[in-house]
2 protein chains.
Amino acid sequence: MRHAAKKAPPFKRTSHDHGHCVEDALDRAETLCDAQGARLTDLRRAVLELVWRGHEPIGAYALLDALRKTHPGAAPPTIYRALEFLEAHGLIHRIESLNAYIGCDHPERPHVSQFLICAKCSTAAEIDDPSVSRALSKSADGAGFAVTRQTVELSGLCPTCQREARA
Amino acid sequence: MRHAAKKAPPFKRTSHDHGHCVEDALDRAETLCDAQGARLTDLRRAVLELVWRGHEPIGAYALLDALRKTHPGAAPPTIYRALEFLEAHGLIHRIESLNAYIGCDHPERPHVSQFLICAKCSTAAEIDDPSVSRALSKSADGAGFAVTRQTVELSGLCPTCQREARA
DNA sequence: AATTGGCATGTTACATTGTAACCGATGCGA
DNA sequence: TCGCATCGGTTACAATGTAACATGCCAATT
Ligand SMILES: [Zn+2]
Ligand SMILES: [Zn+2]
Ligand SMILES: [Zn+2]
Ligand SMILES: [Zn+2]
């Protein structure tokens, strides 16, 4: 079971089989790209795997450093191109307020990017709350605004870190 | 930086007396800082004025260039410190998806940052939709997440640019 | 008046993040 | 085979953001 695919409490990460979690993401990406006629090359798959490895937001240059272990010639454009592809195909999200990237929990269906980001432990939980989307759509419609991209990022403390802070 | 032609009518305020608009913002900032015991120095006021001048998102280095006309010695830290102060006191908002800043429409009451950002003409309209805030709070509460900062940015086309696109 | 302590600003140097432009390789269909 | 598109390598640079330390200033305290 992939850890956050369930819509219930997003911060249930305490312990999950993360190895399986990464593999699962790669499998789904493969399937998805196949269906779309998109080419998930070795390089792109490698980057996607690295994005998922930590299971938390990671910056482009951190990814680059990691990538160089297997692809010594990698340069900034290498990583940015891969990230562009992955984001365009909904496999990862960019978190604007962190200049960082994270694997998407449910790339198979279209959705917007909504995250709860813990300032202490750096975990980011993807939420996909229809009532938030609805409220946003309504607000935009009311202004006659045609939305093409949403960025919703809430920073704060996750339940775990709140408990620790109180202790 | 992108400081596109500002001939385009400001989103949702077709044509307004922008000179007054800037002065008004400065006056209100003065009042607000006074009430809070915060020091709106010459430098900070100058930066705030520059932020308001274009009435659209503007980057730190564009501000720096403009600031240098009156404060020749200004360097990156100069502008970033001023922006930090202004944002901390709710006088401006940072737009994460643009790495840019814009004056706040209603700094007197606490609120979160919610923007509609036109990809064509660069205008950004601040919305403060309680139902969006409510939906977000509910979502965060449901996850046991304690929010300290919200970022809500919708990119797309403003009504004017939609009409132009259809023509 | 002199001292001190906090804050705003000046100054230098650097870190991080992101792109432009051009190239060759590869694969694939006309 | 040729033309064409896509992918990735390579170089160089642009844009954005900070660390660290020095200086000036004002106002409260001594
Ligand atoms: Zn995992
Ligand atoms: Zn946490
Ligand atoms: Zn505001
Ligand atoms: Zn527009």
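The sequence lines fix the lettering, A, B, ..., with proteins before strands; numbering per chain opens at 1. Here the structure is a predicted model, which is why all the values come from computation and not from measurement.
- Of all nucleotides listed (D:dT10, C:dT17, C:dT9), D:dT10 comes nearest to the side chain of A:Thr78.
- Between the CG atom of A:Asp42 and the P atom of C:dG27 there is a distance of 12 Å, rounded to whole Å.
- Remark: A:Leu40 CG to A:Leu86 CG distance equals 7.0 Å, nearest 0.5 Å.
- If you check D:dT16, D:dG8, C:dA8 against the side chain of B:Asn99, the one that comes closest is D:dT16.
- Of all non-hydrogen atoms in A:Leu48 and A:Ala29, the two that sit nearest each other are CD2-CB, 3.4 Å.
- Considering only heavy atoms from C-beta on, B:Glu153 stays 4.5 Å or farther from A:Arg149 through its side chain.
- In the set C:dG18, D:dG9, D:dT18, the nucleotide with an atom closest to the side chain of A:Tyr101 is C:dG18.
- Residue B:Ile79 contributes atom CD1, which lies 11 Å from atom P of C:dT9 at whole-angstrom precision.
- Rounded to whole Å, the distance from CG on B:Leu86 to P on C:dT9 is 10 Å.
- For A:Tyr61, taking side-chain heavy atoms from C-beta onward, the closest of the listed nucleotides C:dA8, D:dG8, C:dG18 is C:dG18.
- Look at A:Tyr80 and you'll find a side-chain N or O under 4.0 angstrom from OP1 or OP2 of C:dG18.
- Looking at the side chain of A:Leu43, the nearest of the listed nucleotides D:dG9, D:dT10, D:dC7 is D:dG9.
- As rounded to whole Å, 8 Å separates atom C1' of D:dC7 from atom CZ of A:Arg81.
- Listed nucleotides C:dA8, D:dT18, C:dG18 differ in distance to A:Arg94; the shortest reach to its side chain belongs to C:dG18.
- Between B:Leu83 atom CG and D:dG17 atom P there is a gap of 9 Å when expressed in whole angstrom units.
- Closest approach to the A:Arg39 side chain among D:dG9, D:dT6, C:dT19 is made by D:dT6 (side chain taken as heavy atoms from C-beta onward).
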